[in-house]
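Below you'll find the structure, written out as structure tokens, and then a few comments.
The model shown is predicted, which means the values in this text are computed figures rather than measured ones.
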Amino acid sequence: QVQLVESGGGLVQTGDSLRLSCAASGLTFSRHAMGWFRQAPGKEREFVAFISGRGDIINYEDSVKGRFTISRDDAKSAAYLQMDSLRPEDTAVYYCAASSIWSFNDYQYWGQGIQVTVSS
């Protein structure tokens, strides 16, 4: 049974920081790229950040570049999203997802999501 469990969300003010964690189990973590997505009320789920299985390729959605940092720790089977300089528009449910390195950009597994709320 594959599980991805997010943690570290919460309510913060504009300019604050949060670090989201994604604990993975039931899969060969090093053979999966990891992504972070978010979904705000009434909006489609959107891509936030990507890190390849080896950690050598990283990509961000434009609006979070310079503010968010994605990372991974294969020894802990965990992925992280450090979010700095948070803005109200970052408010959303954040999801981590795992993609087999052989599955191109398809994500096979998803966490249940965690709420991030940024107040002004």
Nearest non-hydrogen partners of A40 and A92, listed with the distance:
N-CB, 3.8 Å

With the threshold set at 4.0 Å, does a side-chain nitrogen-carboxylate oxygen contact exist between D74 and K76?
no

Please determine whether a side-chain nitrogen of the Lys or Arg among D90 and R87 lies less than 4.0 Å from a carboxylate oxygen of the Asp or Glu.
no

CD on E44 to CZ on R38, rounded to 0.5 Å:
14.5 Å

What distance separates S100 OG from L27 CG, expressed to the nearest 0.5 Å?
9.5 Å

Any donor-acceptor pair under 3.5 Å linking the side chain of S21 with the backbone of S7?
no

Distance under 6.0 Å and angle within 45° of ring axis: R31 vs W102:
no

Between Q112 and Y95, what is the shortest heavy-atom contact and its length?
O-CE2, 3.4 Å

Side chains of F68 and V48 in contact at under 4.5 Å (non-hydrogen atoms)
yes

From CA spacing to verdict: side chain to side chain contact (heavy atoms under 4.5 Å, CB included), L20, W36
CA-CA 10 Å; L20 302 183; W36 286 95; 3.7 Å; yes

Do you know the tightest heavy-atom contact between K65 and D62?
NZ-OD1, 3.0 Å

Quick one: does NZ or CZ of R72 land under 6.0 Å from the six-membered ring centre of Y80, within 45 degrees of the ring axis?
no

Under a 3.5 Å distance rule, please check whether T91 uses its side chain to pair with a backbone N or O of V118 as donor and acceptor.
yes

Indicate whether any N or O donor in one side chain lies under 3.5 Å from an N or O acceptor in the other, for Q82 and D84.
yes

Is there side-chain contact between S119 and T117, with at least one heavy-atom pair below 4.5 Å?
no

Cluster overlap F47 with V64, hydrophobic side-chain contacts below 4.5 Å
no

If only atom types and distance count, is the side chain of E6 paired as donor or acceptor with the main-chain N or O of G113 below 3.5 Å?
yes

Linked, directly or transitively: V2 and F29 (ILVMFWY side chains, under 4.5 Å):
yes

Y94-V5 co-clustered via ILVMFWY side chain contacts under 4.5 Å:
no

Does any non-hydrogen side-chain atom of Q3 lie less than 4.5 Å from one of Y109?
no

Count the heavy atoms of every other residue, nucleotide or ligand shown that sit under 6.0 Å from CD of Q108, and state whether that count exceeds 12.
yes

Tell me, do S99 and M34 make a side-chain contact under 4.5 Å, heavy atoms counted?
no

Checking the side chain of S52 only, and the main-chain atoms of A33 only, is there a donor and an acceptor separated by less than 3.5 Å?
no

If we check side chain to side chain contact (heavy atoms under 4.5 Å, CB included) with L18, which of these qualifies: L81, V116, I114?
V116

How long is the gap from SG on C22 to CD1 on I70, to the nearest 0.5 Å?
9.5 Å

For the residue pair Y107 and F37, categorise the inter-ring angle as parallel (less than 30°), tilted (30 to 60°) or perpendicular (more than 60°).
perpendicular

How long is the span from the CZ atom in F50 to the CD1 atom in I58, to the nearest 0.5 Å?
9.5 Å

